[in-house]
Amino acid sequence: MSKTVIEVKDLFKVYEGPVPVKAVNGISLTIKEGEFTALKGPSGCGKTTLLNMLGGLDYPTSGSILVGGNDITSLGENELIDFRLRNIGFVFQAYNLIPVLSATENVSFIMLLQNRPKEEREDRARQLLQSVGLTGKEDKRPGELSGGQQQRVAVARALASKPQFVLADEPTANLDSESTANLLDIMLKLNKEEGMTFVFATHDDRVINRARRVVAISDGKVVSDLSK
Amino acid sequence: MLKLAWRNIWRNKGRSAITIAAVMFCVIFAVVLRSFQIGVWENMTHEIVANNFGYLQLHQKGFWADQTLDNSLELASVNEQIFLDHPDVKGLIPRIESFSLVSTGEGTKGTLVMGIDPQRELPGLQLDQFLVQGSTFAPDDKSVVVAEGLAKFFNLSIGDTLLFIGQGYHGASAYGRYPVVGIARMRNPELNKQLVLMPFKEAQFMYNCVGRATTLVVDLEEGASYKQVNQELLAAIGLSALELLSWEQLFPEIIQTIEADMAGGQIFISILYVIISFVLLGTVIMMVAERQREFGILVSIGMRKSKLAMVTVMENLILTMGGALLGMAIVKPVQFYFKYNPIDLSGQMREAVERFNFEPKLHTTTSFMININHGSIIFLIGSLVSLYAVWKIMTLNPVKSMRS
């Protein structure tokens, strides 16, 4: 039986204002190791808010998020940053690479923050770039790569820290069909071969169709949770 | 981190160039301004003090407050050997300084009369260097050298005779008749209008004060610290009947003028600093706004805010240090050029400077301390301004920043 990577219990996120908005309205969810899960739903349904809280980028109003048994909602700011560095890989919609660093440097940057030795950083970065099909592009800066290539660098970066799971927020939103298919192939390969856990926030059917578990969210609540 | 900071500097070359240029021009402007200000005063002080009056003067006690021949000192009462034994003292230069009514033909004018020994005198009174006509006098001669301005007033030529009448030591009449053997152009414009120089012995004779002098200038070795010499001499001679005064005590009004002028310059430079602070702050605000999203990403993927802040501070320090060093280097030749090619003043400015008995020229100082001081201040401003980026980073919300 796979071990639980993320356990969300009664999670609420309320944005205060003249009219309080419940972005996440009592979600409970468990993500197991090796899952390839898509959180789907229309814009504004709360999937990105949920993903941000799973990644420790935002604090919930109430509820708990257990990662490896530890409640990350009780961590302080620096502890959360260190936690993200050690345990979570992020892939963002807009790639979000560091423009002044090459592909290799972008990937190894996370390992630099982890104080890993230079040789290990370079070897792993090269290996990861090879696994996402970017051999020969190691020294290119983000501006010299296509959108699909940049997103593949972002995936390699997300995996560089050997995280417990990868959170991807609309990773294919800016990609054409070929690049999307290519990226998903790579992610599924990493999921199958390395057992890496992926959680996507998406409304892209191309991703949803290939996910093995689809959690539908509407108005901040889980309305369906289907495993294929 | 340094590599990241370095590359960030090159990513927006325009902004980096603006920052470096702003710092550089501020350093150049501040250093040029201060160099002129200090250089002018250094030169004026040197002109007045080192060349004419000396950094230290020995008098009969009370002479400087009441400058009459009755307060002259008796040379025999001064143990000159104590002064000569000091390694930084070249010797004592005796002077008689008094006033006299001088007339020739139909012209009469009150003049300053100085009895000097030109061979022993300070550079400003070594007459052979300043003669425009005629020659100087020997110590035993009975003749005078007249300042150029005064000579023009009297329309004097070499060989003309001047009549002196005044008051000597203890109320004695002081009168004499001396031929003009030379006309000298004094550097000090005020002295140039009213000075008559005569041999020291002849001045003693005319003013009835043989064996006396109004002033003994302590002639110092080049580069000697007059403050230190002053202290050591004061301790050695014991001044019951004498006064040993430094130039600051002799001319407090010069010190006050310098301080007032420096304060004015400081206000001007402070305004410059405020302007540069806002320019630098503007570039930092631009930088933070441009990279808000990137900061959010870096914090999201696990970079501590303190490390990120350190990178941006490094960027800013590299830029401001680069600008400051460039400015300090570029301005150096300018300082040297104007040190040896001073600007001649003209018009009202010239008259104003001359009123203070100073040479109407703008020199710079080449002291590198000015460059270091202003470079450091502007570097410090750059460092302080980068605190804005630190504050923005330390308070950033990664989710909001990534949405920006």
Side-chain angles (χ1 to χ4, degrees), chain A residues 13 15 23 48-59 76-102 105-116 118 141-143 154 157-163 166-167 169-170, chain B residues 1-17 19 283 286-319 322 389-404:
Chain A
K13 178 70 180 179
Y15 291 109
T48 296
T49 307
L50 175 62
L51 204 74
N52 285 339
M53 289 193 288
L54 295 182
L57 294 174
D58 205 355
Y59 285 96
E77 189 180 40
N78 278 334
E79 289 171 314
L80 256 184
I81 291 173
D82 292 344
F83 179 84
R84 289 199 293 268
L85 180 63
R86 285 193 309 271
N87 297 289
I88 308 173
F90 287 94
V91 179
F92 303 97
Q93 178 180 339
Y95 328 132
N96 290 347
L97 300 173
I98 303 167
V100 292
L101 300 182
S102 67
E105 288 166 337
N106 261 289
V107 176
S108 61
F109 185 70
I110 298 268
M111 294 181 276
L112 178 72
L113 295 175
Q114 291 177 318
N115 296 319
R116 301 238 197 115
K118 190 181 177 192
R141 291 198 182 178
R157 180 180 68 179
L159 296 169
S161 63
K162 297 182 180 169
V166 173
L167 299 176
D169 186 12
E170 305 282 8
Chain B
M1 296 298 131
L2 188 63
K3 192 177 183 180
L4 187 62
W6 180 250
R7 289 203 186 163
N8 279 330
I9 286 169
W10 290 101
R11 109 207 249 186
N12 190 333
K13 294 188 184 78
R15 188 181 58 229
S16 299
T19 308
T283 60
M286 267 162 56
M287 181 270 285
V288 170
E290 271 177 29
R291 288 163 61 189
Q292 187 78 11
R293 180 184 173 79
E294 179 189 319
F295 290 160
I297 294 158
L298 288 167
V299 173
S300 297
I301 63 173
M303 188 173 194
R304 280 200 175 197
K305 289 178 176 177
S306 52
K307 269 191 181 171
L308 180 56
M310 205 191 304
V311 171
T312 56
V313 169
M314 263 191 235
E315 288 170 27
N316 222 37
L317 293 189
I318 291 170
L319 288 174
V390 173
W391 170 64
K392 290 299 278 184
I393 288 167
M394 296 311 283
T395 55
L396 80 74
N397 176 320
V399 175
K400 282 184 186 166
S401 296
M402 282 194 292
R403 280 195 200 126
S404 64

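Residue numbers begin at 1 in each chain, while the letters A, B, ... track the order of the sequences.
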Chain A contact via I297(B) - side chain, backbone, both or neither, heavy atoms under 4.5 Å: side chain

Residue-level contacts of residues 304-315 of chain B with chain A, using a heavy-atom cutoff under 4.5 Å: R304(B), K305(B), K307(B)

So, the part of A94(A) with a heavy atom under 4.5 Å from chain B: the answer is both

Contact part of I110(A) toward chain B, heavy-atom cut-off under 4.5 Å: side chain, backbone, both or neither? side chain

Under 4.5 Å to a heavy atom of chain B? For R157(A) that would be side chain

Picking from P99(A), G55(A), P163(A), which has the most non-hydrogen pairs under 4.5 angstrom with chain B? P99(A)

Counting only non-hydrogen atoms closer than 4.5 Å, does R293(B) touch chain A with its backbone (N, CA, C, O), its side chain (CB onward), both, or neither? side chain

To the nearest 0.5 Å, what is the distance between OG (S300(B)) and CG (D58(A))? 10.5 Å

Name the region of F83(A), side chain, backbone, both or neither, that has any atom closer than 4.5 Å to a heavy atom of chain B. neither

Minimal non-hydrogen separation, E77(A) against L396(B), with atom names: OE2-O, 4.4 Å

For the CG atom of N96(A) and the CG atom of L298(B), what is their distance to the nearest 0.5 Å? 9.5 Å

d(M303(B) CE, I98(A) CD1) to nearest 0.5 Å is 7.5 Å

Do you know the tightest heavy-atom contact between I301(B) and F92(A)? CG2-CE1, 4.1 Å

Engaged part of N78(A) at the chain B interface, taking heavy atoms whose separation is under 4.5 Å: both

